[in-house]
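Here is how names work: the chains are called A, B, and so on, in the same order as the sequence lines, proteins then strands, and each is numbered from 1.
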Amino acid sequence: MTAPAGTIRIYNTLSRRKETFETIDPGKVRMYVCGVTPYDSAHIGHGMSMTVFDIIRRYLEHRGYEVRHIQNFTDIDDKIIARANREGIDPNDLTEDLISQWHAETAELGALPASYYPRATQEVGPIIEMIEGLIEKGHAYPVGGDVYFRVRSFPTYGKLSHRDLDDLFSGARIEVDERKDDPLDFALWKAVKPGEPSWESPWGPGRPGWHIECSAMSSTYLDGMVDIHGGGSDLIFPHHENEIAQSEAFLGHEPFARYWVHNGLVKVGADKMSKSLGNFVRLRDILDRGLGPAFRLMVLQGHYRAPLTYSEEGLIAAERGLERLRLAADPDAPVSDADGIEGGGEDLAALAAESDRRFHEAMDDDFNSPIAVSVLFDLARAINRERAGGADGATVEPARAKLAELAGVLGVDVTPAESDAGNAGPFIDLLLKVRGELRAAKQWALSDLIRDELAALGVSVEDTAGGATWSAKRG
RNA sequence: GGCGCCAUAGCCAAGCGGUAAGGCACGGGUCUGCAAAACCCUGAUCGGCGGUUCGAAUCCGCCUGGCGCCUCCA
């Protein structure tokens, strides 16, 4: 269902302001998200980025846009070669394996697959063409089998990261390669070294440098102009800065990307989480515990541009919150008719309408998901309050349906927890039936024993007015 | 050294000029055989000091404490 039209505003790293979102083609969004260099398994930082851009994409689609979402794999790089050599395997086998893991993890995280996933190694032709074009235009020069981009030839270099060339130079932490015209020039093509994979090129055998593959791929798959170009904020410099320089110098027009969107980084404790710091948490570990949906909610509860402080408690807190949303969104949730608890007698249809308005207002404003999520919780509380007061399903339905709908827009799965009990279901039902008899006979010790033992097995039992219900713990 | 960002209740986290969303935890209740879940109640004046303003968590300055980028990184 498409919501009523509203103006979407997006923060653009380039202008450092929120801008009204207007696409190149009406109703269509060209989105390029920097994927990964697959040299190791994904961590939750990748998970955050995947989730953030999945939410942005879902919301734009919800708003009626058709989104062409391209996500690349830079499957040739120093680290890939280093690891493959260390393990004595073919770099291709390594990247194939990691890429298939990536796809599996994307799916388990509940992120929609991209429209297409180009790979650097399969785009060498376009990459070489682009490099040749840059040389012709004087923006690049070959040196002994390498090719470098001449940073000083691109007057607006630094506009994305808001840096001055001379400030960068004064940073003086760049290895000085005497063969380069300028220390800041970066490699477009790297001459082959012993033991490395290589491709033929006008400059001899070699391989693409780091940034050029994204320029070539975004150009190839999004017609040389993109609406949204995204990635983690650690990519702003040098990766995206270099990408702009290459693409705009080559294409001869700017901007090559209209909205630069960057997500905040995951922190563990006070520090940024990264492979090099060794403080990373593998995405796989969270997924295997069945906490993928909780992770998504945790990401949503913070703003996408702000750093996300990750902790085990934070993840568990999100899981608890998610359970509350699930209960509220469950059409078969038990209704209490206990005395002493009164419903608010609210107009839930009106609440649903108001919630819808607030939700879209928040998401339209640079994807303010924390507020959108708070709307979900407000709905949940109202629903539970009415149910606690004995309201029937029909009374609660407008709010319940709205909650499920809005959660769905964010990709939050609030469908009732599926039983992980496998074939044990009927036996558990049987046990609870027996326990019911015991309770009727006030055999509390035995009935409590059954409940405790089931709990130890990961099955929680709850007694409600309508009888006992059970649910298996996820994971 | 350069550029930039952030400091909001126990933890996480919105708000960005009109007297503090939401989540989790804690405590007190209701319900329950007990429990669980749910519901109700309870908690902050926004790092510090100045300034601008009728009015500031929100703007400016200084200070203190963190972080990020400048090198591979989502």
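Considering only side-chain N and O atoms, A/T464 lies nowhere under 4.0 angstrom from the phosphate OP1 or OP2 of B/A38. For A/N384 and B/C39, the shortest distance from a side-chain N or O to OP1 or OP2 is below 4.0 Å.
Comparing the same atom, P, in B/A13 and in B/G47 gives a spacing of 15 Å after rounding to whole Å. Comparing the P positions of B/C62 and B/G68 gives an interatomic distance of 24 Å, to the nearest angstrom. Nucleotides B/C16 and B/C59, compared at atom C1', are 10 Å apart to the nearest Å. Rounded to whole Å, the separation between the P atoms of B/A35 and B/G27 comes to 14 Å. Spacing between B/U45 and B/A20 at atom P, rounded to whole Å, works out to 11 Å. Between the C1' atoms of B/G15 and B/A56, the separation comes to 13 Å (whole Å). The separation of B/G10 from B/G50, taken at their C1' atoms, amounts to 31 Å, rounded to a whole angstrom.
Considering only side-chain atoms of A/P238, the nucleotide from B/A36, B/C70, B/A74 that sits closest is B/C70. Among B/C39, B/A74, B/A37, the nucleotide with an atom closest to any side-chain atom of A/R385 is B/C39. In this structure, the nucleotide among B/C39, B/A14, B/A74 sitting nearest to the side chain of A/V36 is B/A74. Candidate nucleotides B/G33, B/A36, B/A74 were compared by shortest atom distance to the side chain of A/V266, and B/A74 ranks first.
Using a 4.0 Å heavy-atom distance criterion, A/G45 is classed as a base contact. Using a 4.0 Å heavy-atom distance criterion, A/G47 is classed as making no nucleic acid contact. At a threshold of 4.0 angstrom between heavy atoms, the contacts of A/R435 include nucleobase atoms, whether or not backbone atoms are also involved. Using a 4.0 Å heavy-atom cutoff across all strands shown, A/A306 reaches sugar-phosphate atoms only and no base atom. A/H303 comes within 4.0 angstrom of sugar-phosphate atoms only, judged by non-hydrogen atoms across all strands, and of no base.
A/L376 places a side-chain heavy atom less than 4.5 Å from the side chain of A/F359. When side chains are defined from C-beta on, A/P208 counts as touching A/I76, because their heavy atoms get closer than 4.5 Å.
Applying the side-chain hydrogen bond (donor to acceptor under 3.5 Å, both in side chains) rule to A/R358 yields the partners A/D378; only residues at least two apart in sequence or on another chain are considered. Judged as a ring pair (Phe, Tyr, Trp, His ring centres under 6.0 Å), and not counting sequence neighbours, the contacts of A/H103 are A/F73, A/Y117. Listed by chain and residue number, A/E386, A/T395, A/V396 satisfy the side-chain contact (heavy atoms from CB on, under 4.5 Å) test with A/A391 (two or more places apart in sequence, or in another chain). Under the side-chain hydrogen bond (donor to acceptor under 3.5 Å, both in side chains) criterion, A/Y259 pairs with no residue at all, not counting sequence neighbours. With sequence neighbours excluded, no residue forms a side-chain hydrogen bond (donor to acceptor under 3.5 Å, both in side chains) with A/D285. Considering only residues two or more places apart in sequence or on other chains, A/F149 meets the ring pair (Phe, Tyr, Trp, His ring centres under 6.0 Å) condition with A/F186. For A/D75, the side-chain hydrogen bond (donor to acceptor under 3.5 Å, both in side chains) partners two or more places apart in sequence, or in a different chain, are A/T121. Taking the ring pair (Phe, Tyr, Trp, His ring centres under 6.0 Å) definition, one finds that A/F295 meets it with nothing, sequence neighbours left out.
The distance from atom CH2 of A/W260 to atom P of B/A74 is 15 Å, rounded to the nearest whole Å.
Base pairing analysis places B/G4 opposite B/C67; the two distances defining the Watson-Crick or G-U wobble pair are each below 3.5 Å. Taking a pair to require two hydrogen-bonding distances under 3.5 Å in either a Watson-Crick or a G-U wobble arrangement, B/A56 remains unpaired.
When each of A/G302 and A/M273 is assigned the nucleotide of RNA chain B bearing its nearest heavy atom, the one mapping closer to the 5' terminus is A/G302.
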Filtered N/O pairs between nucleotides 18-23 of chain B and protein, under 3.5 Å:
from: B/G23; atom 1: OP1; to: A/R324; atom 2: NH2; distance (Å): 2.8
from: B/G23; atom 1: OP1; to: A/R381; atom 2: NH2; distance (Å): 2.9
from: B/G23; atom 1: O4'; to: A/Q301; atom 2: NE2; distance (Å): 3.3

Give me the distances for all protein-to-nucleotides 66-68 of chain B N/O pairs that come in under 3.5 Å?
from: B/G68; atom 1: OP1; to: A/K272; atom 2: N; distance (Å): 3.3

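A salt bridge links A/R152 with A/D182: the distance from a Lys NZ or Arg NE/NH1/NH2 to an Asp or Glu carboxylate oxygen falls below 4.0 Å. A salt bridge is absent between A/R326 and A/E323: the closest approach of a Lys/Arg side-chain nitrogen to an acidic carboxylate oxygen does not fall below 4.0 angstrom.
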Could you list the donor-acceptor pairs under 3.5 angstrom formed between side-chain atoms of residues 234-241 of chain A and any protein atom two or more places apart in sequence or on another chain?
from: A/H239; atom 1: ND1; to: A/H211; atom 2: ND1; distance (Å): 2.9
from: A/H239; atom 1: NE2; to: A/E243; atom 2: OE1; distance (Å): 3.4
from: A/H240; atom 1: ND1; to: A/H262; atom 2: NE2; distance (Å): 2.8
from: A/E241; atom 1: OE1; to: A/L160; atom 2: N; distance (Å): 3.2
from: A/E241; atom 1: OE1; to: A/S161; atom 2: N; distance (Å): 2.7
from: A/E241; atom 1: OE1; to: A/S161; atom 2: OG; distance (Å): 2.6
from: A/E241; atom 1: OE2; to: A/G158; atom 2: N; distance (Å): 2.8
from: A/E241; atom 1: OE2; to: A/K159; atom 2: N; distance (Å): 3.1
from: A/E241; atom 1: OE2; to: A/L160; atom 2: N; distance (Å): 3.3

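Residues from residues 68-83 of chain A lying near RNA chain B, meaning a heavy-atom separation below 4.0 Å, are A/K79 in numerical order.
For A/R451 and B/C34, a side-chain-to-base donor-acceptor distance below 3.5 Å is present, hydrogens and geometry of angles not being considered.
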